[in-house]
There are 2 protein chains.
Amino acid sequence: MSTPTVYDVAERAGVSIATVSRVYRNPDSVRGETRERVLASARELGYVPSGSARGLASRSTGVLGLCYPDFHDAEADSATASDPGEVTLYSDEVIRGMERAARRHGYALLIASSHADEAGVRLTEVAGRVDGLAVLAQAVPDEALEMVARRVPVVVLAGEPYDGLDHVKVANFDGQLQITRHLLSAHRLRRLAFVGGPADSPDGEARFLGYQAAHLEAGLPLPAEPDLRGDLTQAAGRQAVETLFGASAKGSRPQGLVFANDQMAVGGLHALQERGVDVPGDIAVTGFDGIPLSRLVRPTLTTVLQPMGRLGVEAVELLVARLAERDRAPEARLLPVAAVLRESCGCPAGTGA
Amino acid sequence: MSTPTVYDVAERAGVSIATVSRVYRNPDSVRGETRERVLASARELGYVPSGSARGLASRSTGVLGLCYPDFHDAEADSATASDPGEVTLYSDEVIRGMERAARRHGYALLIASSHADEAGVRLTEVAGRVDGLAVLAQAVPDEALEMVARRVPVVVLAGEPYDGLDHVKVANFDGQLQITRHLLSAHRLRRLAFVGGPADSPDGEARFLGYQAAHLEAGLPLPAEPDLRGDLTQAAGRQAVETLFGASAKGSRPQGLVFANDQMAVGGLHALQERGVDVPGDIAVTGFDGIPLSRLVRPTLTTVLQPMGRLGVEAVELLVARLAERDRAPEARLLPVAAVLRESCGCPAGTGA
DNA sequence: GCGCTATCTGAAAGCGCATACAGAACTCTG
DNA sequence: CAGAGTTCTGTATGCGCTTTCAGATAGCGC
């Protein structure tokens with residue numbers, strides 16, 4: 001009496017459950033007249049096929065999954081989320097890109113964020129209900145990842161490639177190379193400083209390599225290490241400026257400040273402004289990521305725009321490909337990246353998007 | 001040999017499948033020693049429980065669903081999605097809010113967008129695999145909604161309340177009332193024009209009612225109909241301005257232009273600028289929604305900020321409540337809304353967020 | 001060491017569907 | 001109209017898990 005099943009529909013239509021199933025899975029294999037009869041009973045009964053039963057019987061769910069980290073404080077939700085523009089997240093774009101791509105391929109998307117502690121559990125839970133899974137770097141512990149990868153195709157997004165798994169990342173090296181080259185060559189700067197991320201951030205390190213490469217190319221002395229490191233927050237950016245421009249700062253000031261991400265760059269921008277240092281007049285500043293805020297700050301921030309939506313799209317593509325051919329070789333894709341030249345490096349306003 | 005099941009784990013651990021199941025569902029009901037043995041075998045085998053089998057046997061999936069419209073042209077994807085700031089969608093915030101709330105309650109979130117044509121199919125597909133379902137207004141045909149609602153709890157988001165279903169919407173009436181009152185009273189304007197949405201948009205109509213109410217309150221003649229209607233796009237906003245300010249415009253120009261949403265308002269702003277009409281000097285302009293773009297345009301746009309994230313959160317709350325008590329009375333929630341007064345209505349810059 | 005209770009484990013029966021296989025009905029030919 | 005195809009439908013089985021019920025085992029007092 002509660003939710004109708006194939007049995008109910010079959011009985012009402014005077015056919016067997018096999019026929020009912022066929023009407024949904026393979027309509028052409030059922031005579032038109034019979035099909036109509038079945039569909040009519042289904043409609044009358046309000047029959048909705050059970051995804052679980054379907055998945056169990058057919059060994060596939062028609063769902064792709066995405067696990068991503070969300071460090072947002074759940075409690076503060078209503079308070080901080082009041083301003084939509086501010087909180088556009090990295091993951092939103094990945095989700096959107098992935099959902100659209102998934103739809104094109106006939107899949108729905110199951111998403112699950114995770115705090116570090118429960119990440120493993122969340123992961124296996126979604127892994128158990130999807131045909132393929134994308135994992136945003138650092139979202140889950142390696143151990144869990146490995147287990148899960150034995151069950152469903154997994155593609156790792158950003159971060160470090162994982163042994164034997166498909167992988168998509170953006171061209172961190174290239175991006176930083178481009179933008180550093182721009183400072184060095186177009187703006188003819190000679191002394192730059194790099195504010196990196198934590199040493200264990202693969203993305204951050206790749207960016208530093210690009211920074212180094214640009215120096216190499218320009219025939220300048222190769223910086224061995226980032227001049228400073230921060231934790232990628234705005235606060236860290238401020239801190240970096242304090243250190244570089246503070247009373248105890250040694251040596252000559254750099255002509256350009258290259259931050260490993262936008263957040264820090266924005267923090268740095270604020271700190272510079274407070275100190276009365278003109279950007280880009282006195283010093284050029286660049287970021288990385290292309291967060292929305294980078295267009296809102298004054299001066300607008302020169303940065304590298306990451307194609308987050310693409311990440312999601314490529315993830316789906318890789319999953320679909322692997323689903324079609326399970327034993328293909330693991331593939332790593334590198335997404336091109338575009339430098340956006342704005343005011344903070346000394347380019348005229350309106351040059352970039 | 002492929003994906004291990006309870007049987008494999010049970011055999012390896014020397015227990016029955018019932019015990020394996022218990023280890024996952026109700027760990028305390030299994031002796032510690034046995035439990036460890038089972039978990040060890042599971043780890044060694046790389047066992048990941050099948051969500052489908054679980055769902056089938058337990059009649060619940062641990063997943064909530066969201067169906068939302070996405071009118072984005074899938075093909076144009078890579079081209080247009082390059083700028084993240086621009087494309088922050090309405091649905092992104094709902095998704096994020098819902099995912100977080102769902103996580104708090106131990107659920108994952110299944111999302112599926114839909115074009116109109118396939119909406120019905122998509123809906124039943126997700127309905128078949130979730131414990132509860134949120135549907136963004138206009139995302140699906142009524143007929144499909146009704147069928148689905150017989151199977152799982154459904155909450156309708158925004159738009160029109162649906163008979164017998166839980167419903168959450170934002171205070172369109174209130175918001176438009178506030179903002180219109182502001183124009184009428186704080187700025188002492190007398191002649192306004194309202195650019196509405198399609199007549200079949202419940203949100204748009206509710207806003208118009210608020211607009212009317214403000215006139216009523218101010219003792220001004222009651223506008224019977226929106227002065228113009230558009231399809232809620234920027235183009236429609238431009239069009240509206242063309243019509244009102246074009247050669248064939250009749251009567252005196254309004255002192256304020258009230259758009260039913262931000263998109264149109266932004267389009268209108270551009271058109272006014274091209275015609276050399278000063279905003280807010282010559283005419284005030286307001287929008288509705290609080291899209292990120294509303295802060296980026298010059299002058300910044302006075303608007304009503306919709307708590308989209310809240311919509312998602314409330315949806316989850318209602319679903320969880322109904323899941324706990326299936327036959328509670330349908331509940332309708334109205335989310336409060338906040339007017340954001342910015343430059344375009346004549347308020348000083350920086351007044352609003 | 002016995003009987004009793006409390007705890008733990010196993011056997012078995014589905015959950016709702018897909019699908020292989022076989023059988024029924026129908027369509028053509030000659 | 002018989003026989004060979006062809007198309008359509010039904011029977012039966014199993015997908016991997018949860019859960020009830022009963023049986024086994026352990027703990028305890030006397």
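Side chains included, hydrogens not; waters and symmetry mates left out as well; all remaining heavy atoms used. Chain naming here is simple, since letters A, B, ... match the order of the sequence lines and numbering starts at 1 in each.
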#### Entry: Test log, rule salt bridge (Lys or Arg N to Asp or Glu O under 4.0 Å), inputs A:Arg122 and B:Glu99
CA-CA 13 Å; A:Arg122 296 277 286 173; B:Glu99 199 281 332; 3.2 Å; yes

### Task
Determine, stepwise, if the pair B:Ser113 / A:Arg103 fulfils side chain to side chain donor-acceptor pair (under 3.5 Å).
CA-CA 8 Å; B:Ser113 65; A:Arg103 171 150 60 82; 2.7 Å; yes

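Of the listed nucleotides (D:dG10, C:dC17, D:dC17), D:dG10 has the atom at the smallest distance from the side chain of A:Ser16. Residue A:Leu56 has its side chain nearest to D:dC15 when only C:dG10, C:dC15, D:dC15 are considered. Each of D:dG16, D:dC8, C:dC17 was ranked by its minimum atom distance to the side chain of A:Ile17; first place goes to C:dC17. Among D:dG16, C:dT9, C:dG16, the nucleotide with an atom closest to any side-chain atom of B:Arg31 is C:dT9.
At a cut-off of 3.5 angstrom, counting only N and O atoms as typed in the model, there is a donor on one side and an acceptor on the other between the side-chain of B:Arg22 and the base of C:dG10. For A:Tyr7 and C:dC17, a side-chain-to-base donor-acceptor distance below 3.5 Å is present, hydrogens and geometry of angles not being considered.
Nearer the 5' end of DNA chain D, as judged by each residue's closest nucleotide, is the contact made by A:Val30, out of A:Val30 and B:Ala57.
Look at CZ on B:Arg25: it is 12 Å from C1' on D:dT19, rounded to the nearest Å. C:dG16 atom P lies 16 Å from atom CZ of B:Arg129, rounded to whole Å. If you take CG of A:Asn26 and P of C:dA20, they are 11 Å apart, rounded to a whole angstrom. Taking atom CZ on B:Arg59 and atom P on D:dC17, their separation rounds to 16 Å, with Å as the unit. Put simply, OH on A:Tyr24 is 12 Å from C1' on C:dC17, counting in whole angstrom units. A:Arg54 places its CZ atom 18 Å from the C1' atom of D:dG14, with the value rounded to the nearest Å. Remark: C1' of C:dG16 and CD of A:Glu11 are 15 Å apart, rounded to the nearest angstrom. Between the P atom of C:dC8 and the CD atom of B:Glu33 lies a distance of 12 Å, rounded to the nearest Å.
In this structure, A:Val20 reaches neither bases nor backbone, as no heavy-atom distance under 4.0 Å exists between it and the strands shown.
For C:dG10, the OP1/OP2 oxygens have a side-chain nitrogen or oxygen of B:Thr19 closer than 4.0 Å. Side-chain nitrogen and oxygen atoms of A:Ser50 include none within less than 4.0 Å of the OP1 or OP2 phosphate oxygen of C:dG16. Put simply, B:Thr34 has a side-chain N or O that comes within less than 4.0 Å of OP1 or OP2 on C:dT9.
One distance of note links CE of A:Met308 with CG of A:Leu335; it measures 9.5 Å at 0.5 Å rounding.
With contacts defined as side-chain heavy-atom distances shorter than 4.5 Å, the pair B:Tyr68/B:Ile95 qualifies.
Taking a cutoff of 4.0 Å between a charged side-chain nitrogen and a carboxylate oxygen, A:Glu331 and A:Arg328 qualify as a salt bridge.
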